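These notes are about the structure you will find just below.
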Amino acid sequence: MYILSLDQGTTGTTATVINAETFEFIDKENQEFKQYFPNTGWVEHDLDEIWKSVRLTVETVLKRNNIDTSKIKSIGITNQRETTCAFNRKGEPLAKAIVWQDRRTAQYCESLKADEELFKKKSGLPLDPYFSGTKMHWLLENNQYVKEAHKNNDLRFGTIDTFLLYRLTGQTSFKTDVSNASRTLLMELDNCSWDDELCEKLGVDKNLLPEICESICDFGITKRLNFLPDGIPINGILGDQQAALFGQACFKQGTGKCTYGTGAFMLVNTGEEKKYSDHGLLTTVAYKYQGKTHYALEGSCYIAGACVQWLRDNLQIIDNAAQTEDKALNVKNIDQIKDLLLLPFFTGIGSPYWKPNAKAALIGMTRATNTDDICRVALEGIALSINDLIKAMKSDMGSDLEEFKVDGGAVANNLLMQIQADISQINVTRPQIIETTSYGAALAAAIGAGLMTIEDVSKQWKKESLFETKNDHRQYYDYKKNLWSKYIEINF
Ligand code: G3P
């Protein structure tokens with residue numbers, strides 16, 4: 001028996017199969033898909049291409065492992081959050097999805113600033129183009145197909161989980177989970193339902209939105225698909241960062257993790273009590289199960305792995321992500337690059353500064369600067385961004401963090417992990433399963449299917465490595481942290 005998990009991320013889709021009795025990871029298939037940048041600051045995805053990547057990754061992983069589809073007990077979905085989809089009743093896309101990184105609503109957000117405190121209090125989120133609500137507003141104002149469908153009562157809005165669920169269930173289930181809904185600016189955190197006042201402010205009619213459900217429940221069953229049989233239940237849906245928190249077994253108040261994906265997102269569970277930040281973090285829902293809502297504080301950094309992707313695709317100085325480590329290790333005397341800094345603000349800055357119009361920079365180059373140096377400072381730039389999240393989290397929690405658990409593709413880079421431990425003066429714990437997002441969604445589905453309990457998830461979690469803080473380069477990193485903060489202070 002198996003559990004299938006679908007992780008629809010920003011740069012790729014991953015289908016993972018786990019054993020439904022032992023909960024061991026069996027295999028996964030990943031496929032990247034096209035990113036569209038039609039305008040400065042705009043980022044879009046084609047929903048049909050996303051759907052195709054889901055179908056292909058599922059078909060491939062099932063075929064490679066000779067899996068009899070009648071033995072799939074449950075499906076879990078996890079997804080890039082905030083990315084906004086508009087489709088009609090038939091499940092046909094009406095527009096390209098507006099990706100969470102897209103900055104097109106920056107000015108609109110600015111125009112709403114008088115209401116920022118209201119949005120923060122009710123939804124836990126600042127008014128930033130990151131979140132779905134202003135993207136829906138933009139589609140309603142600017143896209144003729146969306147406008148027409150709205151007029152004809154044929155418009156549905158949702159995040160990626162909702163679009164996938166709608167298609168997987170043959171257009172019978174139009175739902176989302178609380179963790180995804182908490183990223184829209186439209187959900188009230190206390191009662192986890194769409195808020196009239198916030199919906200009205202953004203001009204989004206509640207009837208266009210999916211039903212908000214608990215993260216673990218009966219979301220529907222597969223129907224009318226050509227790659228899966230009818231009748232497989234979908235029992236777990238979580239936004240990708242919340243799925244990773246779940247997979248890292250951060251169920252206790254004060255426990256947390258940081259996922260190094262396209263961006264990097266640090267979440268700390270605050271239990272059933274929602275906590276507001278004084279240091280630029282978000283208040284969000286971790287998950288809801290059996291009537292209880294669990295909240296988290298979140299630091300959202302827009303660029304982590306995407307910076308490595310930029311080195312690969314735009315600068316073309318590496319062929320694959322792993323090469324950044326080898327090249328960075330070629331830099332023998334790091335003191336010679338102490339003034340070299342890569343600030344990877346390619347899509348603005350999220351937490352803790354919230355500067356939607358900030359731009360990336362590579363500063364401090366000399367004639368001696370080479371591609372090895374750039375790889376090294378790219379890794380440092382990622383760690384410095386995350387360091388800002390760690391600092392904010394410590395201040396909000398009023399204490400040092402018990403543990404810094406990490407996951408996501410980029411944590412395979414040992415040098416990056418050591419740099420993080422040294423810059424942030426924190427010990428970094430890497431688990432055995434670093435694809436915790438997919439794994440977390442699979443475990444949520446397994447719980448929903450009655451195959452395991454939350455307590456079992458904690459038993460599944462195993463440590464692989466610990467990167468302890470070293471003081472060898474203390475002065476170097478102190479100098480860099482200072483340079484980093486000054487640059488941000490002066491420029492943004
Ligand atoms: O909020 C955006 C986040 O969900 C994207 O995650 O893994 O695609 O970087 P990822």
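Note that the structure is a prediction, hence the values are computed from the model and not measured. Each ligand, and each atom within it, is numbered from 1 in the order the structure gives.
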Residues, nucleotides or ligands: over 12 heavy atoms within 6.0 Å of E116 CD: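 Check passes, neighbour count above 12.
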Among all protein heavy atoms, pick the one closest to [atom] and tell me residue, atom and distance.
atom: atom 8 (O) of ligand 1; result: T10 OG1, 2.4 Å
atom: atom 2 (C) of ligand 1; result: E82 OE1, 3.3 Å
atom: atom 7 (O) of ligand 1; result: D240 OD2, 3.2 Å

Donor-acceptor pair between Q8 and T13 side chains, under 3.5 angstrom: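 Yes - a donor-acceptor pair under 3.5 Å links their side chains.
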Any N/O pair R81/ligand 1 closer than 3.5 Å: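 N/O-N/O distance under 3.5 Å: yes.
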T11-ligand 1 polar pair, N/O distance under 3.5 Å: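 So ligand 1 has no N or O lying under 3.5 Å from an N or O of T11.
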Is it true that [X] and [Y] have ring centroids separated by less than 6.0 Å?
X: W138; Y: Y108; answer: no
X: F87; Y: F163; answer: yes
X: F265; Y: W100; answer: yes

Per-atom contacts, ligand 1 versus Q80 - under 4.0 Å to a heavy atom: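 The atoms of ligand 1 under 4.0 Å from a heavy atom of Q80 are 4 (O).
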Whether G263 lies under 4.0 Å from ligand 1, heavy atom: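 The answer is yes, since G263 has a heavy atom less than 4.0 Å from ligand 1.
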